[in-house]
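A note on names: the letters A, B, ... follow the listed sequences, proteins ahead of strands, and every chain is numbered from 1. Below, each value reflects all heavy atoms present in this structure, side chains not excepted, and no hydrogens, waters or symmetry copies.
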Amino acid sequence: MTEPGASPEDPWVKVEYAYSDNSLDPDDEDSDYHQEAYKESYKDRRRRAHTQAEQKRRDAIKRGYDDLQTIVPTCQQQDFSIGSQKLSKAIVLQKTIDYIQFLHKEKKKQEEEVSTLRKDVTALKIMKVNYEQIVKAHQDNPHEGEDQVSDQVKFNVFQGIMDSLFQSFNASISVASFQELSACVFSWIEEHCKPQTLREIVIGVLHQLKNQLY
DNA sequence: CGGCTTAATACGCAAGACCG
DNA sequence: CGGTCTTGCGTATTAAGCCG
C-alpha cells in the first residue's frame, strides 16, 4: 500500500515509510553508496517480510490440517504397535473426505427412518381410534358379541371389503394390456388404499352387514 | 467529480533445496 | 517420502496523480 505523501517516482522514499531503518537515511540522496546500501536493505527487508508472511501462511495451513486431524474421528485412530502417529496431509484430506461422505449417508438414512416412523405413528393412531371405538361399542352393548361369530359372518365381512375394493379398482383402472395394469396397480394402491379410506370402507361394510343381520 | 493510469503492496502458488 | 523453508513470479488490491 502506498503511504500518504509518498511520491510514486521515488520508491525509496516509500520504503522509508514501509520499512523504516534508523541506520540508513533515505534523505541522503547524494550518496551513491547510501543509495545502494539502502536498496540492498530494502530488498533484504522485502525478502524477510515475505518469508515471514509465507511462514504465517504455512502455519495457518498446518493449523487447518491439525484441526482436521483432531475433529475427524478416523484420523484419531491409533496404531498401537507404533503408537500415536502423525498422518500425512494427503491421508488427512482423504480421511476427511471419506468421513464427510459417511456423514451424508448417515443423515440420509436417519431422514428415511424418521419418515418411516412418522408413517408408523399415523397408522398406530388410526388403530388406536378403531380400538377405542370397539371398546366403546362393547361398553354401550355389553352382551353384543357374546355369541360366537360364525365363519359365514367373517367371510361376509371379508367379501364385503374385497367387493368394495374391487369396485374402486375396476372403476379407476381401465387398461389394454397386462403391462399397463402392472404400472397402474401401485398408483391405485397409493391413492385408494390409504388407512382412512380403508377405515371408511370397513365401517360401511360392517354397518351394512349389521343391518342385514338384525 | 468520475474515470483512467501508474506504482506500491499484499497475497498466493509453485519450484527447488534441504532435512529427518 | 513427506514436510518445511526460501524465493521468484503472477495477480489482486489500494492509493495517488492526472485529465477531460
Side-chain angles (χ1 to χ4, degrees), chain A residues 1-125 179-180 182-191 193-195:
Chain A
M1 236 162 284
T2 310
E3 292 295 336
S7 158
E9 283 74 43
D10 190 354
W12 310 121
V13 175
K14 290 183 180 184
V15 167
E16 214 279 317
Y17 282 108
Y19 304 102
S20 73
D21 187 342
N22 296 334
S23 67
L24 295 164
D25 182 7
D27 293 330
D28 187 3
E29 289 171 5
D30 295 333
S31 161
D32 285 350
Y33 171 80
H34 277 142
Q35 187 89 353
E36 283 307 307
Y38 194 77
K39 261 185 198 172
E40 206 46 42
S41 173
Y42 166 74
K43 275 187 176 177
D44 286 348
R45 284 164 184 281
R46 285 286 302 227
R47 200 180 58 242
R48 249 185 291 134
H50 183 43
T51 303
Q52 278 180 1
E54 190 60 23
Q55 174 68 59
K56 201 174 151 193
R57 191 180 73 85
R58 287 196 310 276
D59 284 346
I61 294 170
K62 188 173 175 298
R63 269 200 305 278
Y65 278 101
D66 288 346
D67 288 350
L68 275 183
Q69 195 162 350
T70 307
I71 291 165
V72 176
T74 48
C75 287
Q76 295 160 7
Q77 288 165 359
Q78 297 177 356
D79 182 347
F80 291 103
S81 62
I82 304 169
S84 178
Q85 60 175 351
K86 182 103 177 125
L87 299 173
S88 75
K89 290 180 177 179
I91 289 175
V92 170
L93 275 188
Q94 191 54 58
K95 281 182 178 286
T96 302
I97 291 166
D98 292 345
Y99 185 59
I100 289 171
Q101 285 172 340
F102 163 75
L103 289 178
H104 276 308
K105 282 182 189 164
E106 280 294 294
K107 182 171 173 257
K108 202 178 164 196
K109 243 166 60 180
Q110 287 180 352
E111 282 169 353
E112 285 170 0
E113 201 180 331
V114 165
S115 169
T116 305
L117 288 172
R118 286 219 166 94
K119 285 178 187 165
D120 286 353
V121 166
T122 305
L124 287 169
K125 277 181 181 166
Q179 278 79 7
E180 277 186 67
S182 306
C184 291
V185 166
F186 289 107
S187 57
W188 172 79
I189 288 175
E190 283 178 11
E191 182 65 25
C193 296
K194 293 171 185 165

Regarding dC5(C), can its base be found pairing with the side chain of Gln52(A) as donor and acceptor, where the two atoms are less than 3.5 Å apart?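 In this structure, the two groups form no donor-acceptor pair.
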Rounded distance (nearest 0.5 Å) linking atom CD of Gln55(A) with atom CG of Asp59(A):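 Spacing of CD (Gln55(A)) from CG (Asp59(A)) equals 4.5 Å.
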Let me confirm one number: the OH-CD1 distance from Tyr65(A) to Ile91(A), rounded to the nearest 0.5 Å.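 Answer for the OH-CD1 pair, Tyr65(A) versus Ile91(A), is 12.0 Å.
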Would you call Lys62(A) and Asp66(A) a salt bridge, using N to O less than 4.0 angstrom?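 Looking at Lys62(A) and Asp66(A), the cut-off is met.
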Determine, for Glu54(A) against Arg57(A), whether the closest basic-nitrogen to carboxylate-oxygen distance falls under 4.0 angstrom.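 Yes, Glu54(A) and Arg57(A) are salt-bridged.
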Please state whether the phosphate of [N], meaning OP1 or OP2, lies under 4.0 angstrom from any side-chain nitrogen or oxygen of [X].
{"X": "Thr51(A)", "N": "dT7(C)", "value": "yes"}
{"X": "Arg58(A)", "N": "dG3(C)", "value": "no"}
{"X": "Arg48(A)", "N": "dT7(C)", "value": "no"}
{"X": "Lys56(A)", "N": "dC11(B)", "value": "no"}

Name the nucleic acid region contacted by Glu54(A), choosing base, sugar-phosphate or nothing; use a 4.0 angstrom heavy-atom cut-off, strictly under.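 Contact class for Glu54(A): base.
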Separation of [X] atom [atom1] from [N] atom [atom2], in whole Å?
{"X": "Arg57(A)", "N": "dC5(C)", "atom1": "CZ", "atom2": "C1'", "value": "11 Å"}
{"X": "His50(A)", "N": "dG8(C)", "atom1": "NE2", "atom2": "P", "value": "9 Å"}
{"X": "Arg63(A)", "N": "dT4(C)", "atom1": "CZ", "atom2": "P", "value": "13 Å"}

Looking only at the side chain of Gln55(A) (C-beta and beyond, no hydrogens), which of the listed nucleotides dC5(C), dC9(C), dT4(C) gets closest?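 My answer, after comparing the listed nucleotides, is dC5(C).
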